[in-house]
Student: 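Please read through the structure below; I'll follow up with questions.
Hydrogens, waters and symmetry mates play no part in the numbers below; they use all other heavy atoms, side chains included.
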Amino acid sequence: MSDKMFCYQCQETAGGKACSVSGVCGKKPEVAKAQDLLIYVTKGLCAVTTQLRAENKIVKVRINRLVTLNLFTTITNANFDREKIIERVQKTLIAKKRLLAEVDDKKTLPTAALYSGADVEIGVLATADEDIRSLRELITYGLKGMAAYLYHANALNFDDEKISAFMQSTLAKLLDDSLNGDELTALVLETGRVGVAVMALLDKANTETYGNPEISKVKLGVGKNPAILVSGHDLRDLEQLLEQTEGTGVDVYTHGEMLPAHYYPKLKKYPHLVGNYGNAWQMQTTEFEKFNGALLLTTNCLVPPKESYRDRIFTTGAVGYPACKRIEEVDGKKDFTELIRLAKKLPAPTELETGEIVGGFAHEQVFALADKVVEAVKSGAIRKFVVMAGCDGRHKARQYYADFAKALPKDTVILTAGCAKYKYLKLELGDIGGIPRVLDAGQCNDSYSLALIALKLKEVFGLDDVNKLPIAYVIAWYEQKAVLVLLALLYLGVKNIHLGPTLPAFLSPNVAKVLVENFGISGITNVDNDLKDWIG
């Protein structure tokens, strides 16, 4: 391969085709190759664990967690630290070597299961057939998204062996050159099925640990105290930080996907969780600099930090950057003492904006409003719901989502989750009979709520098909969790999803054709045309 690297797993990949010199995300070729190697050796480990399960032997939880974190580590904008990635490669090889000794029948194990460091073609392009490659990568990216959901559930001591077994057996199947397009297509939908299960698991973990999200007002201004800004998705990390900063005089703010932490009763009880600062992940380089205080990245999405604030960033979990300090978990806990000590020495945040935003419309809150919603639909006050979930990003074409939201008729309601909401959450779109026109269910991790809401509406309207609901799906994708959400929606039977701002580069023409013909997947065009076609 003449290219320095090959990566096309995110929406912003170079030229809409692939990053081959350096990643648009900031990932260097040596990091990309280390991630390719980590995925390859993880597949080899999974071939061994799958064989062990076939022999009715137990695979320990620590091995399941190793696989989960390996996948999460390679998700877009998570880990840029080559040394840490190579450390995970070595841990994986050691674990596989030990497990190989327990396997009775090694005859059917693939080459990757026996790999010990030899030079071998391991990247995406190692699969020559374009369509097989496309299906394999679609599944792989779905599994990366699944790993992210499972990781967060595991952090709250919720687990499901069946999900881990599926992830591992599927990774092993991706080494099998005998699987044809039809078999891989079936595996794509199976990934969606298990995607629904893992989203349900995380929803249970979050709500049983922190309570069901409540309709909440979140402050956007700043105070005068020194502060810590928390970005990413991990609620357990935030909870531990809130416990350790209590009574210290240090305020805690959320950023990006951490905004929905304010909706959970057990987290919002902390008075020093004072508000949300800034917008979605791609605004970090501006907003982190202005925040002035200490910064904690719990998961993706990390933008390679500028030198001006790099020494204020701490990373943990799957996220990493070579020049940033790291906080590891020890015996299930994380010690944020050094982070807090730094925060106390730094000035208070520079104010970006004032006011407040309202959110917390997860499934239980919307179910509580069901009668009001149904009456609004029957009376014609609400003509249509528009699911505008997913990711934000740097692409200028993403302005489409703000323009689309502003142009929507006033008898439509937006259902949202994920950081895509920052394109329209702060717009003054009003309400319909007291029902806000933007209902924010939470993080991309909370997309399950949107599926439950759709299924509940199907039930209360007595419909036999979710596609008969007055709902349009306009999904913005960026990384692999959004890929899993898409596969989950397909499994649930949702059709006519409009995906943008561009269709994934990893979909070959033939695979894209299957998705269009069987599921009605399409892209976006322009606001005026799309409003006419989808809303009427």
Student: Assess whether side-chain contact (heavy atoms from CB on, under 4.5 Å) is satisfied between Tyr422 and Glu257, documenting all intermediate values.
Tutor: CA-CA 10 Å; Tyr422 281 103; Glu257 284 276 53; 5.9 Å; no

Student: Applying salt bridge (Lys or Arg N to Asp or Glu O under 4.0 Å) to Lys334 and Glu328, what does each step give before you reach the verdict?
Tutor: CA-CA 6 Å; Lys334 295 182 181 180; Glu328 299 287 2; over 6 Å; no

Student: How long is the span from the OH atom in Tyr253 to the CD1 atom in Ile228, to the nearest 0.5 Å?
Tutor: 11.5 Å

Student: Hey, is the main chain of Cys7 close enough, under 3.5 Å, to the side chain of Thr13 for a donor-acceptor pair?
Tutor: yes

Student: Looking at Lys106, is its backbone amide N or carbonyl O close enough to the side chain of Gln51 to form a donor-acceptor pair, meaning the two atoms are under 3.5 Å apart?
Tutor: no

Student: With sequence neighbours left out, write down each residue that passes ring-ring contact (aromatic ring centres under 6.0 Å, His included) with Tyr149, or none if nothing qualifies.
Tutor: none

Student: After noting the C-alpha distance and the side-chain angles of Val483 and Leu138, does the key distance pass the side-chain contact (heavy atoms from CB on, under 4.5 Å) rule?
Tutor: CA-CA 8 Å; Val483 173; Leu138 177 57; 3.9 Å; yes

Student: Quick one: side chain to side chain donor-acceptor pair (under 3.5 Å) partners of Thr50, sequence neighbours excluded?
Tutor: none

Student: Between the side chains of Thr42 and Asn70, does any donor sit under 3.5 Å from an acceptor?
Tutor: yes

Student: Measure the shortest side-chain to side-chain distance between Cys324 and Pro305 over non-hydrogen atoms and say whether it is less than 4.5 angstrom.
Tutor: yes

Student: Anything under 30° is parallel, anything over 60° is perpendicular, the rest tilted; go ahead and classify His363 against Phe367.
Tutor: tilted

Student: Is the shortest distance from a Lys or Arg side-chain nitrogen in Asp159 or Arg65 to a carboxylate oxygen in the other one below 4.0 Å?
Tutor: yes

Student: Under the criterion side chain to side chain donor-acceptor pair (under 3.5 Å), I'd like the reasoning laid out for Asn279 against Glu287: C-alpha separation, chi angles, the key distance, then a yes or no.
Tutor: CA-CA 8 Å; Asn279 298 278; Glu287 294 172 352; 2.7 Å; yes

Student: Taking only residues two or more places apart in sequence or in another chain, which ones pass side chain to side chain donor-acceptor pair (under 3.5 Å) with Glu190?
Tutor: Arg193

Student: Rounded to the nearest 0.5 Å, what's the gap from CG on Leu450 to SG on Cys444? Could you check?
Tutor: 11.0 Å

Student: Tell me whether the count of non-hydrogen atoms from other residues, nucleotides or ligands lying under 6.0 Å of NZ in Lys333 goes above 12.
Tutor: no

Student: Between Glu102 (side chain only) and Leu52 (backbone N and O only), is there a donor and an acceptor less than 3.5 Å apart?
Tutor: no

Student: Without swapping roles, check the side chain of Ser216 against the backbone of Glu214 for a donor-acceptor pair under 3.5 Å.
Tutor: yes

Student: State, to 0.1 Å, how close Thr76 and Cys10 come at their nearest heavy-atom pair, and which atoms those are.
Tutor: OG1-CB, 3.6 Å

Student: Do His255 and Phe291 have ring centres separated by under 6.0 Å?
Tutor: no

Student: Between Val67 and Leu45, is any pair of side-chain heavy atoms under 4.5 Å apart?
Tutor: yes

Student: Would you indicate whether the side-chain heavy atoms of Leu492 and Val196 approach each other to under 4.5 Å?
Tutor: yes

Student: Are more than 12 heavy atoms, taken from residues, nucleotides or ligands other than Lys57, located less than 6.0 Å from that residue's NZ atom?
Tutor: yes

Student: Walk me through whether Thr254 and Asn276 qualify under side chain to side chain donor-acceptor pair (under 3.5 Å).
Tutor: CA-CA 5 Å; Thr254 56; Asn276 190 71; 2.7 Å; yes

Student: Less than 4.0 angstrom from a charged side-chain N to a carboxylate O is my criterion; do Lys290 and Glu351 meet it?
Tutor: no

Student: Given 3.5 Å as the limit, does a donor-acceptor pair link the side chain of Arg312 with the main chain of Ala294, or not?
Tutor: no

Student: Under 3.5 Å, which donor-acceptor pairs link side chains of residues 22-30 to any protein atom two or more places apart or in another chain?
Tutor:
| from | atom 1 | to | atom 2 | distance (Å) |
| --- | --- | --- | --- | --- |
| Ser22 | OG | Lys27 | O | 3.4 |
| Lys27 | NZ | Gln35 | OE1 | 3.1 |

Student: Could you tell me the separation between the CD1 atom of Ile139 and the CD atom of Glu137, rounded to the nearest 0.5 Å?
Tutor: 9.5 Å

Student: Let me see the working for Glu239 and Tyr210 under side chain to side chain donor-acceptor pair (under 3.5 Å), right down to the final yes or no.
Tutor: CA-CA 10 Å; Glu239 180 185 27; Tyr210 301 116; 2.8 Å; yes

Student: Ignoring hydrogens and angles, tell me if any N or O in the side chain of Arg398 forms a donor-acceptor pair with the backbone of Ala420 under 3.5 Å.
Tutor: no

Student: Checking Glu161 against Arg53 for the salt bridge (Lys or Arg N to Asp or Glu O under 4.0 Å) test, could you report, in this order, the C-alpha distance in whole Å, the side-chain angles of both residues, the deciding distance, and whether it holds?
Tutor: CA-CA 11 Å; Glu161 158 65 15; Arg53 287 188 176 96; 2.8 Å; yes

Student: Is the backbone N or O of Gly249 less than 3.5 Å from a side-chain atom of Lys344, with the two atoms forming a donor-acceptor pair by type?
Tutor: no

Student: My understanding is that only residues two or more places apart in sequence, or in another chain, count here; which of them pass side chain to side chain donor-acceptor pair (under 3.5 Å) with Gln284?
Tutor: none

Student: Charged N to carboxylate O under 4.0 angstrom, Lys325 versus Glu338?
Tutor: yes

Student: Does the side chain of Tyr263 pick up a donor-acceptor pair with the side chain of Asp440 at under 3.5 Å?
Tutor: yes

Student: Among Lys173, Met167, Gln168, whose side-chain contact (heavy atoms from CB on, under 4.5 Å) with Cys46 holds?
Tutor: Gln168

Student: Do Asn64 and Lys60 have side-chain heavy atoms sitting under 4.5 Å apart?
Tutor: no

Student: Just so I know, are the side chains of Val222 and Thr350 near enough to count as touching, which here means a heavy-atom distance under 4.5 Å?
Tutor: no

Student: A quick test of your reading: do over 12 heavy atoms of other residues, nucleotides or ligands sit less than 6.0 Å from NZ of Lys91?
Tutor: no

Student: Tell me, do Val319 and Asn79 make a side-chain contact under 4.5 Å, heavy atoms counted?
Tutor: no

Student: Per the side-chain contact (heavy atoms from CB on, under 4.5 Å) rule, which among Leu71, Val198, Leu143 passes with Leu150?
Tutor: Val198

Student: One pair to check against side-chain contact (heavy atoms from CB on, under 4.5 Å): Leu238 and Val252. What are the steps and the verdict?
Tutor: CA-CA 9 Å; Leu238 176 63; Val252 176; 3.9 Å; yes

Student: Would you call Arg236 and Thr209 a side-chain contact if the rule is heavy atoms closer than 4.5 Å?
Tutor: no

Student: Got a donor-acceptor contact below 3.5 angstrom from the Asn154 side chain to the Asn157 backbone?
Tutor: no

Student: Is the ring pair His152/His233 parallel, tilted or perpendicular, if the boundaries are 30 and 60 degrees?
Tutor: tilted

Student: Check whether any side-chain N or O of Asp446 sits under 3.5 Å from a backbone N or O of Gln443 as a donor-acceptor pair, and report yes or no.
Tutor: yes

Student: Above 12 or not: heavy atoms from other molecules or residues under 6.0 Å from NZ of Lys306?
Tutor: yes

Student: When you measure from the side chain of Ser169 to the backbone of Phe166, do you find a donor-acceptor pair of N or O atoms at a distance under 3.5 Å?
Tutor: yes

Student: For residues Leu297 and Phe314, determine if any side-chain heavy atom of one lies less than 4.5 Å from a side-chain heavy atom of the other.
Tutor: no

Student: Would Lys144 and Glu479 pass as an ion pair if we require N to O under 4.0 Å?
Tutor: no

Student: Kindly determine whether Leu425 and Leu259 satisfy side-chain contact (heavy atoms from CB on, under 4.5 Å), including the steps that lead there.
Tutor: CA-CA 12 Å; Leu425 186 62; Leu259 162 64; 3.9 Å; yes

Student: My understanding is that only residues two or more places apart in sequence, or in another chain, count here; which of them pass side-chain contact (heavy atoms from CB on, under 4.5 Å) with Ala54?
Tutor: none

